[in-house]
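Below is one structure, written out as structure tokens; comments come after it.
Computed over heavy atoms, backbone and side chain alike; hydrogens, waters and symmetry mates excluded.
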Amino acid sequence: MSKLLIINADDYGYNRQQNAAIEELIQGGLITSTSVMPVAKNADECEKIKDTGVSVGVHFTLNSDSDTDRWKSLTLSPSFGGENGMPENPFYLTTRATHAAVRRELEAQYDFIGRRGVRVDHADSHCGTLYGINLRRFYIDAFDFCAERGLPFRFPKTGGFIERQIGRALPNAVYALQNAVVRQAEKRGVKLLDDLVSNPWSMERIKCYENLRAYYLDCVDNCIDGVTELFLHPAAPADGDSGSWMKRVYEYELLKSGDLLQRARDRGIKVVTWQEAFAK
């Protein structure tokens with residue numbers, strides 16, 4: 001079986017540094033995919049990336065990244081905080097959100113991108129709110145939505161992603177839950193990734209650019225058979241960058257270097273878009 005690798009720059013729309021970095025990477029042919037956050041403050045700039053040849057995904061977002069500067073859902077549903085904005089903690093959805101509200105919000109976020117002339121060819125979930133981690137089966141709503149539109153969804157069929165994010169093997173019950181989610185997608189004909197890779201470390205552990213680079217190159221070296229997505233969150237540097245934001249700057253520098261593309265070529269791994277990976 002062949003090894004296919006999607007290189008994704010996540011969070012388009014997050015802010016102008018993020019958008020500038022992703023636009024530059026697209027122009028340089030250094031990524032094959034990006035994901036647009038429709039609720040973020042600079043998401044409307046996504047019209048700049050239409051017809052560029054990269055895959056564009058809808059990055060379904062149901063929680064904010066900060067409680068001090070909350071994003072608002074597009075439907076302003078009480079399920080997502082209404083005019084007060086979406087809380088940072090994704091577990092607020094456990095008791096507040098309804099399936100009907102989730103479905104309306106998914107449609108609104110998908111349509112937001114389409115109205116700007118951008119074709120969406122896959123979907124994913126910010127902070128895993130549609131993965132079942134909040135003990136709600138919102139992945140059913142996501143899979144139904146994707147099945148109706150023929151969209152593959154960012155969720156791994158194998159357990160490597162969970163293990164890397166947590167840093168260890170997990171109880172059998174966690175893998176059983178993952179398998180249950182996979183079965184629901186397969187039941188609806190929604191195509192999933194075989195593996196999903198991102199760096200889960202804080203800057204305290206990363207310490208320097210070379211450590212981050214080594215992590216991702218090792219992930220490419222150990223790419224499994226099937227379709228793997230490597231997703232990073234690149235951002236252009238700005239005055240005063242420090243702390244956790246530097247991780248985004250490092251990821252931007254790594255993608256701009258072309259080292260991941262070169263390593264994939266050296267290992268005989270084909271770098272593809274979502275459309276190429278899941279072509280019938």
Side-chain angles (χ1 to χ4, degrees), residues 1-12 22-23 25-36 38 46-60 106-107 109-111 113-114 116-125 130-131 139 141-158 160-161 178-179 181-198 216 219-232 255 258 260-280:
M1 189 175 182
S2 60
K3 296 179 179 181
L4 304 179
L5 180 65
I6 299 166
I7 300 181
N8 177 277
D10 236 9
D11 289 0
Y12 188 93
I22 293 172
E23 289 160 17
L25 293 166
I26 290 172
Q27 291 166 6
L30 296 165
I31 58 174
T32 58
S33 173
T34 188
S35 303
V36 177
C46 67
E47 63 183 0
K48 296 179 183 179
I49 59 173
K50 66 181 180 181
D51 303 323
T52 56
V54 300
S55 290
V56 177
V58 53
H59 195 55
F60 288 130
L106 300 188
E107 292 173 352
Q109 293 191 18
Y110 175 84
D111 290 344
I113 301 172
R116 284 151 182 83
V118 181
R119 181 179 180 273
V120 171
D121 65 10
H122 67 282
D124 57 63
S125 174
L130 299 174
Y131 290 174
Y139 50 85
D141 305 293
F143 293 157
D144 284 343
F145 182 92
C146 289
E148 292 166 10
R149 289 161 178 78
L151 301 176
F153 188 80
R154 177 195 282 169
F155 189 85
K157 291 188 282 189
T158 56
F161 176 71
Q178 180 187 18
N179 290 335
V181 175
V182 170
R183 287 195 299 272
Q184 290 296 333
E186 292 176 340
K187 179 180 177 182
R188 291 162 172 78
V190 176
K191 296 178 179 179
L192 304 176
L193 299 164
D194 292 289
D195 200 8
L196 180 61
V197 177
S198 193
Y216 278 115
C219 288
V220 175
D221 288 343
N222 290 284
C223 195
I224 68 171
D225 288 345
V227 182
T228 297
E229 186 191 48
L230 198 69
F231 73 97
L232 297 83
L255 288 168
L260 299 181
L261 289 172
Q262 186 60 52
R263 183 59 65 93
R265 285 193 290 266
D266 292 344
R267 298 294 185 266
I269 300 168
K270 186 176 181 180
V271 180
V272 296
T273 64
W274 277 80
Q275 285 180 299
E276 292 167 337
F278 293 104
K280 294 181 180 179

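- To the nearest 0.5 Å, atom CG of residue Leu193 and atom CD1 of residue Ile6 are 5.5 Å apart.
- Residues Leu260 and Leu255 have side chains in contact (heavy-atom distance under 4.5 Å, counting atoms from C-beta outward).
- Side-chain N or O atoms of Lys191 include one that pairs as donor or acceptor with a backbone N or O of Phe278 at under 3.5 Å.
- Looking at residues two or more places apart in sequence or on another chain, you find a side-chain contact (heavy atoms from CB on, under 4.5 Å) between Ala264 and Leu5, Val220, Ile269, Val271.
- Going from atom OG of Ser125 over to atom CZ of Arg154 covers 9.0 Å, rounded to the nearest 0.5 Å.
- Residues forming a ring pair (Phe, Tyr, Trp, His ring centres under 6.0 Å) with Phe145 (at least two apart in sequence, or on another chain): Phe60, Tyr110.
- For Glu276, the side-chain contact (heavy atoms from CB on, under 4.5 Å) partners two or more places apart in sequence, or in a different chain, are Val272, Thr273.
- Contact of the Val120 side chain with the Arg149 side chain is not registered, since no non-hydrogen atoms from C-beta on lie closer than 4.5 Å.
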Taking it one step at a time, do Asp195 and Thr228 satisfy side-chain hydrogen bond (donor to acceptor under 3.5 Å, both in side chains)?
CA-CA 5 Å; Asp195 200 8; Thr228 297; 4.7 Å; no
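- Minimum interatomic distance between Val54 and Ser33 (heavy atoms only, all atoms of both residues): CB-N, 4.2 Å.
- Taking both residues in full, the closest heavy atoms of Leu130 and Ala142 are given as CD1-CB, 4.0 Å, listed atom of the first, atom of the second, then distance.
- With a 4.5 Å cut-off on side-chain heavy atoms, Val190 and Phe155 do not count as touching.
- Applying the side chain to side chain donor-acceptor pair (under 3.5 Å) rule to Asp225 yields no partners; only residues at least two apart in sequence or on another chain are considered.
- Distance check: Gln184 CD to Phe143 CZ gives 8.0 Å after rounding to the nearest 0.5 Å.
- In terms of heavy-atom proximity, His59 sits nearest to Asp11 at NE2-OD1, 3.3 Å.
- Judged by distance alone, with hydrogens and angles left aside, the side-chain atoms of Gln178 form a donor-acceptor pair with the main-chain N or O of Thr158 at under 3.5 Å.
- The main-chain N or O of Val56 is never found under 3.5 Å from a side-chain atom of Thr34 such that the two would form a donor-acceptor pair.
- The CG atom of Asp124 lies 8.0 Å from the CZ atom of Phe231; values are rounded to the nearest 0.5 Å.
- Here the CD atom belonging to Glu229 is positioned 12.0 Å from the CG atom belonging to Leu192, to the nearest 0.5 angstrom.
- Two residues are said to be in side-chain contact when any heavy atoms from C-beta on lie closer than 4.5 Å; Tyr12 and Lys48 meet this criterion.
- Residue Glu186 holds its CD atom at 9.0 Å from CG of Asn179, rounded to the nearest 0.5 Å.
- When all heavy atoms are compared, the tightest approach of Leu230 to Cys219 is CD1-CB, 4.3 Å.
- Annotation for Ile224 and Lys3: closest pair O-CG, 3.5 Å, computed over non-hydrogen atoms.
- Ring orientation note: the planes of His122 and Trp274 are close to parallel, at an angle under 30° on the 30°/60° scale.
- Applying the salt bridge (charged side-chain N to carboxylate O under 4.0 Å, His left out) test to every pair with at least one member in residues 264-274, sequence neighbours left out, gives these pairs: Asp221-Arg267.
- No donor-acceptor distance shorter than 3.5 angstrom exists from the side chain of Ser35 to the backbone of Asp10, with no hydrogens or angles considered.
- With sequence neighbours excluded, the residues satisfying side chain to side chain donor-acceptor pair (under 3.5 Å) with Glu148 are Arg103.
- The shortest distance between side-chain heavy atoms of Ile26 and Ile49 falls below 4.5 Å.
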